[in-house]
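Worksheet: one structure, shown below.
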Amino acid sequence: MTKCPHCFGTLPPHQLTFMCVSSCKPEPDVVGTRWHGAPVTWRPMLNATAQAAARGMTCQRCQGPMRECCPRCHYHLPPAWRQGQATCVALAGARATGKSIYIGVLVKQLELLAEAMQTTIGFATATSREIYERVYERPLYETRGIIAPTPRANLSDSYQREPLILSLGPVRGVPRYLVLRDVAGEDLENAPDNQPHLGFFADASAVLFLFDPTQVSEVRDQLRDLIPAQLHEGGDPALVLENLNRLIGPGQPRLGVVLSKFDTMQALRDVEGTQLSRIMSNSGAAFIRDSGLTLGPALNQVDADQLHAEVRSLLQRLGAGHIVTAVERPHSGRSLDHRFFVVSALGAPTDGQNLHDHGIASFRVLDPIRWALQREGVL
Ligand SMILES: Nc1nc2c(ncn2[C@@H]2O[C@H](COP(=O)(O)OP(=O)(O)O)[C@@H](O)[C@H]2O)c(=O)[nH]1
Ligand SMILES: [Mg+2]
Ligand SMILES: [Zn+2]
Ligand SMILES: [Zn+2]
């Protein structure tokens, strides 16, 4: 069994659904539109068993070819999708917490992970490649600019409704996929009830909740003279986490709590005589070293456990203990399998709108994904 790469629902193993992709006239799709959060169209559909489908499906109205889609959200599945296994990861976080930049850098780093796994990575669909190159990669690596915070209700945000589907190649004979879904921070900052287009959080394999430490007032005050151009306006992380917990509901995704832009915390070393600078200067701390993939693709458990404990106490030290509580003892009473991480996608504070000359040296970017893949037996 595997999941739909769009709504992340588990595909029913014995029921296959097909949609005409031929000459029938497209009409508004009420169901598809609810799950997508923006208008999508519909053509005639058919249900079939796997045996019947293997003989080939033709549209009963126009006799043209059909394509398999998700019975729940009507998303067109990539070819041979059901033969593989997908790990579906949803990014969450307030505006400007670094979700888009993280994805931009992560996809590059996944090439190294695939190498360590002795496979190769590729985009599973042309749309994924096109969106990655246009939205995430080009701004990051070609112009070396920074992706602007993603606006709501803007036609160009349609990319956030499309999953990035990556093929990790076969692992022990099974084609493995990694699906990433980005989200507009605004959608999580004021999530009213009943948003089926955000329903994928409930069914995700893992949710990565990005938390920007520069939003914490104590950190902000100390960074004000050091890296003023870095201090973005974002929403309240506690509120986002509350909305996220509501969206997850009875779902059981793993939850990675990720302190993003960690280079800014590392910059606190340069603020003399403060307690935070002493904490950040501790040379024994896991959060100042990154052994990368030198010990193989799987996470090192000792290192991961030490990091988890350090981040947990750092959050408390920063006055964000309520975030830790909301993760460990949510109102719902159902705590999720969770772990704390730090990442820096850019590796160094940015200088205004341009990356520092030394470019990108990311820090611990793969850790949360390695954890998610490892929990599913991929690594
Ligand atoms: N210092 C630092 N800044 C970052 C990092 N990642 C993102 N940023 C900054 O945060 C801003 C928002 O990032 P973006 O990915 O667009 O956030 P999103 O709204 O969550 O998608 C960017 O313009 C960057 O200036 C990082 O790793 N380090
Ligand atoms: Mg974004
Ligand atoms: Zn679906
Ligand atoms: Zn047709």
Side-chain angles (χ1 to χ4, degrees), residues 3-12 17-26 31-32 35-36 43-46 57-67 69-77 81 88 91-105 135-136 139-140 145-152 157 160 163 179 182-189 196 199-200 203 210-215 223 227 229-235 240 258-267 342-356 360-365:
K3 287 171 177 291
C4 164
H6 182 258
C7 71
F8 291 178
T10 298
L11 295 168
T17 303
F18 292 82
M19 191 184 286
C20 170
V21 286
S22 188
S23 53
C24 287
K25 183 169 159 280
V31 172
W35 281 98
H36 198 59
R43 285 190 177 103
M45 288 171 54
L46 266 184
M57 301 294 293
T58 40
C59 175
Q60 296 189 328
R61 199 178 301 169
C62 74
Q63 308 305 319
M66 304 188 92
R67 184 159 161 198
C69 66
C70 169
R72 182 163 80 166
C73 73
H74 298 177
Y75 186 81
H76 289 279
L77 302 180
W81 184 250
C88 297
L91 275 284
R95 263 166 305 151
T97 46
K99 299 177 294 299
S100 298
I101 299 243
Y102 178 68
I103 290 178
V105 173
V135 180
Y136 299 96
L140 200 51
I146 302 298
I147 310 170
T150 31
R152 185 195 176 81
D157 82 347
Q160 287 173 328
V179 186
D182 195 4
V183 68
E186 293 89 331
D187 266 0
L188 289 174
E189 284 171 31
F200 61 89
D203 288 312
L210 268 66
F211 179 99
D212 177 358
T214 65
Q215 293 298 322
L223 288 175
I227 42 171
Q230 275 290 284
L231 303 177
H232 298 268
E233 290 307 324
V240 171
V258 182
L259 236 63
S260 61
K261 311 186 189 177
F262 203 66
D263 52 274
T264 57
M265 292 299 293
Q266 291 167 333
V342 301
V343 302
S344 166
L346 299 178
T350 53
D351 182 8
Q353 281 305 297
N354 291 307
L355 291 184
H356 271 170
I360 293 171
S362 61
F363 183 77
R364 287 189 178 272
V365 155

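Whatever order the structure lists ligands and atoms in, that order sets their numbers, starting from 1. Keep in mind that the numbers below use all heavy atoms, side chains included, and drop hydrogens, waters and symmetry copies.
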Hey, is ligand 1 close enough to [X] that some N/O pair sits below 3.5 Å?
X      : answer
Gly347 : no
Lys99  : yes
Lys261 : yes

Over all heavy atoms of both residues, which pair between [X] and [Y] is shortest? Give the atoms and the distance, please.
X      : Y      : value
Ser362 : Ala345 : CB-O, 3.1 Å
Val179 : Trp81  : CG2-CH2, 4.0 Å
Gly347 : Ser344 : N-OG, 2.7 Å

Report task. Return yes if a side-chain donor-acceptor contact under 3.5 Å exists between His76 and His6, otherwise no. Result -> no

Report task. Please confirm if an N, O or S atom belonging to His74, backbone or side chain, lies less than 2.8 Å from the Zn ion (ligand 3). Result -> no

**Report entry** Metal check, the Zn ion (ligand 3) vs Cys7 N/O/S, cut-off below 2.8 Å
**Finding:** yes

Query raised in the report: Do the non-hydrogen side-chain atoms of Tyr102 and Val258 ever get within less than 4.5 Å of each other?
Result: no

Query - Heavy-atom side-chain proximity of Ser22 to Cys62 below 4.5 angstrom - result: yes

Query raised in the report: With Thr17, which of Arg72, Met57, Met45 fulfils side chain to side chain contact (heavy atoms under 4.5 Å, CB included)?
Result: Met45

Report task. Below 4.0 angstrom from a heavy atom of Ser344, which ligand 1 atoms are there? Numbered from 1 as shown, please. Result -> 27 (O)

Query raised in the report: Quick one: which of Ala96, Ser260, Gly185, Ala94 has a heavy atom closest to atom 12 (C) of ligand 1?
Result: Ala96

Requested in this report: Please work out which of Ser100, Ala345, Ala184 has its closest non-hydrogen atom nearest to atom 27 (O) of ligand 1.
Outcome: Ala345

Query raised in the report: At the Zn ion (ligand 4), what's the angle from Cys24 SG to Cys20 SG, rounded to 10 degrees?
Result: 120°

Requested in this report: Report, rounded to 10°, the angle at the Zn ion (ligand 3) between the two atoms SG (Cys70) and SG (Cys73).
Outcome: 110°

**Report entry** Part of Asp263 within contact of ligand 1 (heavy atoms, under 4.0 Å)
**Finding:** side chain

Query raised in the report: What part of Thr264, side chain, backbone, both or neither, has a heavy atom within less than 4.0 angstrom of ligand 1?
Result: side chain

Query raised in the report: Are Asp212 and Lys261 within salt-bridge range, i.e. N to O under 4.0 Å?
Result: yes

